[in-house]
Chemist: 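Mind looking over this structure? Questions follow.
By convention in this document, chain letters (A, B, ...) are assigned in the order of the sequence lines, proteins followed by strands, and residues within each chain are numbered from 1. Just so it is clear, the structure is predicted and the values come from calculations on it, not from any experiment.
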2 protein chains.
Amino acid sequence: MEEGTSKSPTHAQGTVEGPCCEEAFQWDTREDCEVRQILDRIADKWSLLVIALLDKRRLRFTELRREIDGVSQRMLTVTLRQLERDGLVRRTVHPVVPPRVEYELTPLGASLHETVQALVTWTDAHQREIAEARNAYDARMRQQVP
Amino acid sequence: MEEGTSKSPTHAQGTVEGPCCEEAFQWDTREDCEVRQILDRIADKWSLLVIALLDKRRLRFTELRREIDGVSQRMLTVTLRQLERDGLVRRTVHPVVPPRVEYELTPLGASLHETVQALVTWTDAHQREIAEARNAYDARMRQQVP
DNA sequence: CTGTATCCTTCTCGATACTG
DNA sequence: CAGTATCGAGAAGGATACAG
């Protein structure tokens with residue numbers, strides 16, 4: 001698997017505030033920052049889908065694959081491994097043949113899903129505003145440039 | 001600028017529920033889905049930093065650049081343009097020389113920032129759990145494989 | 001100062017093939 | 001069934017040079 005634990009080894013550097021006496025600021029740009037880790041997970045193309053599906057019921061690998069249209073076997077595996085490692089999803093292997101592996105949300109995962117809903121709600125509430133802003137912006141650009 | 005409006009043109013296809021009579025599901029995998037748009041924006045390496053900084057005060061381009069350690073001029077420009085287009089940030093050009101351009105949050109941007117704080121709070125509250133889950137997982141892997 | 005354009009490296013991810 | 005391994009295409013993003 002080529003994806004390592006941390007996403008890009010390049011410049012895992014400084015926090016936002018300068019070295020001197022700036023105000024404290026809770027986020028930094030490092031990939032290993034806690035907020036970034038969760039952000040990267042929930043913004044991941046597949047993670048959120050998996051979490052949402054598992055919030056309703058326990059599912060097998062293939063069931064997940066079938067439900068999530070367009071996911072490759074590889075990415076589903078990678079996604080599930082990340083979620084499992086972060087303690088958001090529990091993986092249960094039933095020692096039978098053919099193998100039966102089931103995935104379900106942990107309480108932590110369920111709690112994250114709940115929190116993310118706030119963001120979804122916000123988006124629902126403001127999608128029209130955003131669309132309008134884009135149209136306005138694009139219109140302005142079109143008449144300025146061409 | 002190589003980044004287009006939509007991020008990847010490949011397979012902007014189906015929703016999660018099947019074509020038949022599955023339960024309704026609010027997210028799909030298309031890049032142009034509203035939730036994904038916002039998710040991609042807030043998970044962007046720099047967008048959130050910019051929003052957080054502008055939440056406190058209005059800043060010029062160079063001030064932002066100085067505050068955000070490690071951002072390239074190119075990415076700051078790209079980020080600000082996206083945020084402006086989405087109506088989250090307002091850009092004001094003062095017609096003086098040398099040019100003076102100021103950025104500030106719109107009410108929409110401020111409201112998003114507020115919403116995102118819920119996620120930050122969740123992360124703060126659960127970062128220890130996540131770290132422990134990771135350690136446990138890594139330990140299990142280490143003793144199984146090597 | 002505030003960008004835009006170009007090049008070039010790195011990373012991501014899907015496709016494919018193979019295994020227990 | 002549930003993965004793992006490998007490869008290659010494409011996208012993201014930093015460095016650099018240049019412009020209004």
Chemist: Counting the atoms with a prime plus P, OP1 and OP2 as sugar-phosphate, which does B:R65 contact under 4.0 Å by heavy atoms, base, sugar-phosphate, or nothing?
Modeler: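 If one applies the 4.0 Å heavy-atom cut-off, B:R65 turns out to touch nothing in the nucleic acid.
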Chemist: Please give, in whole Å, the distance from C:dC1 P to B:E63 CD?
Modeler: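 The answer, rounded to whole Å, is 11 Å.
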Chemist: So if I take every side-chain heavy atom of A:R74 and compare against D:dT6, D:dA2, C:dG3, which nucleotide ends up nearest?
Modeler: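 Closest of the options to the side chain of A:R74: D:dT6.
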Chemist: Evaluate salt bridge (charged side-chain N to carboxylate O under 4.0 Å, His left out) for A:R58 paired with A:E102, printing each intermediate quantity in order.
Modeler: CA-CA 7 Å; A:R58 185 194 311 177; A:E102 291 187 317; 3.0 Å; yes
Chemist: Mind calculating the distance between OH (B:Y103) and P (C:dC1) to the nearest angstrom?
Modeler: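 Interatomic distance, OH of B:Y103 to P of C:dC1: 14 Å.
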Chemist: Taking the side chain of A:Q73 as its heavy atoms from C-beta onward, which of C:dA17, C:dT2, D:dG13 lies nearest to it?
Modeler: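 Closest of the options to the side chain of A:Q73: C:dA17.
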Chemist: Go through D:dG3, D:dA2, C:dT4 for me and flag the one nearest to the A:P99 side chain.
Modeler: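 Of all the options, the side chain of A:P99 is nearest to D:dA2.
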Chemist: When you look at B:E63 and B:R57, which way does the salt bridge (charged side-chain N to carboxylate O under 4.0 Å, His left out) test go after all the steps?
Modeler: CA-CA 11 Å; B:E63 291 172 333; B:R57 54 208 186 285; over 6 Å; no
Chemist: Which whole-number value in Å describes the distance from B:I68 CD1 to C:dT2 P?
Modeler: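 For the pair B:I68 CD1 and C:dT2 P, the rounded distance is 14 Å.
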Chemist: Separation of B:M75 atom CE from C:dT2 atom C1', in whole Å?
Modeler: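 That distance rounds to 17 Å.
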Chemist: Specify the separation, in whole Å, of atom CG of A:L80 and atom P of D:dA2.
Modeler: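 Result: 11 Å.
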Chemist: Starting the side chain at C-beta, find the nucleotide from C:dG3, D:dC1, C:dC1 nearest to A:T62.
Modeler: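 Ranking C:dG3, D:dC1, C:dC1 by closest atom to the A:T62 side chain puts D:dC1 first.
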Chemist: Please pick, from D:dG14, C:dA15, D:dG3, the nucleotide with the shortest atom-to-atom distance to any side-chain atom of B:K45.
Modeler: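 It is D:dG14.
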Chemist: On DNA chain C, does the nearest nucleotide to A:S72 precede the nearest nucleotide to B:P98 from the 5' side, or the other way round? Give the residue.
Modeler: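 Comparing both residues, the 5'-ward one is B:P98.
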Chemist: Can you name the side-chain hydrogen bond (donor to acceptor under 3.5 Å, both in side chains) partners of B:N135, sequence neighbours left out?
Modeler: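 Partners of B:N135 by the side-chain hydrogen bond (donor to acceptor under 3.5 Å, both in side chains) criterion come out as none, since no residue qualifies.
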Chemist: Look at the side chain of B:W46 and decide which nucleotide, out of D:dG14, D:dA2, C:dT2, has an atom nearest to it.
Modeler: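 Ranking D:dG14, D:dA2, C:dT2 by closest atom to the B:W46 side chain puts D:dG14 first.
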Chemist: Tell me the interatomic distance from B:R91, atom CZ, to C:dT2, atom P, rounded to whole angstroms.
Modeler: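 Distance check: B:R91 CZ to C:dT2 P gives 10 Å.
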Chemist: Can you tell me the distance, in whole Å, between the CG atom of B:L76 and the P atom of C:dT4?
Modeler: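 My rounded result for the distance is 11 Å.
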Chemist: Roughly how far, to the nearest 0.5 Å, is OG of A:S47 from CD of A:Q82?
Modeler: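 Rounded to the nearest 0.5 Å, the CD-OG separation comes out at 5.5 Å.
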Chemist: Can you tell me how far CZ of A:R66 sits from CZ of A:R60, rounded to the nearest 0.5 angstrom?
Modeler: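 Between atom CZ of A:R60 and atom CZ of A:R66 there are 9.0 Å.
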Chemist: Calculate the interatomic distance between B:D40 atom CG and C:dT12 atom P; express it in whole Å.
Modeler: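 Taking CG of B:D40 and P of C:dT12, I get 15 Å after rounding.
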Chemist: Looking only at the side chain of B:R81 (C-beta and beyond, no hydrogens), which of the listed nucleotides C:dG3, C:dC1, D:dG3 gets closest?
Modeler: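 Nearest nucleotide to the side chain: C:dG3.
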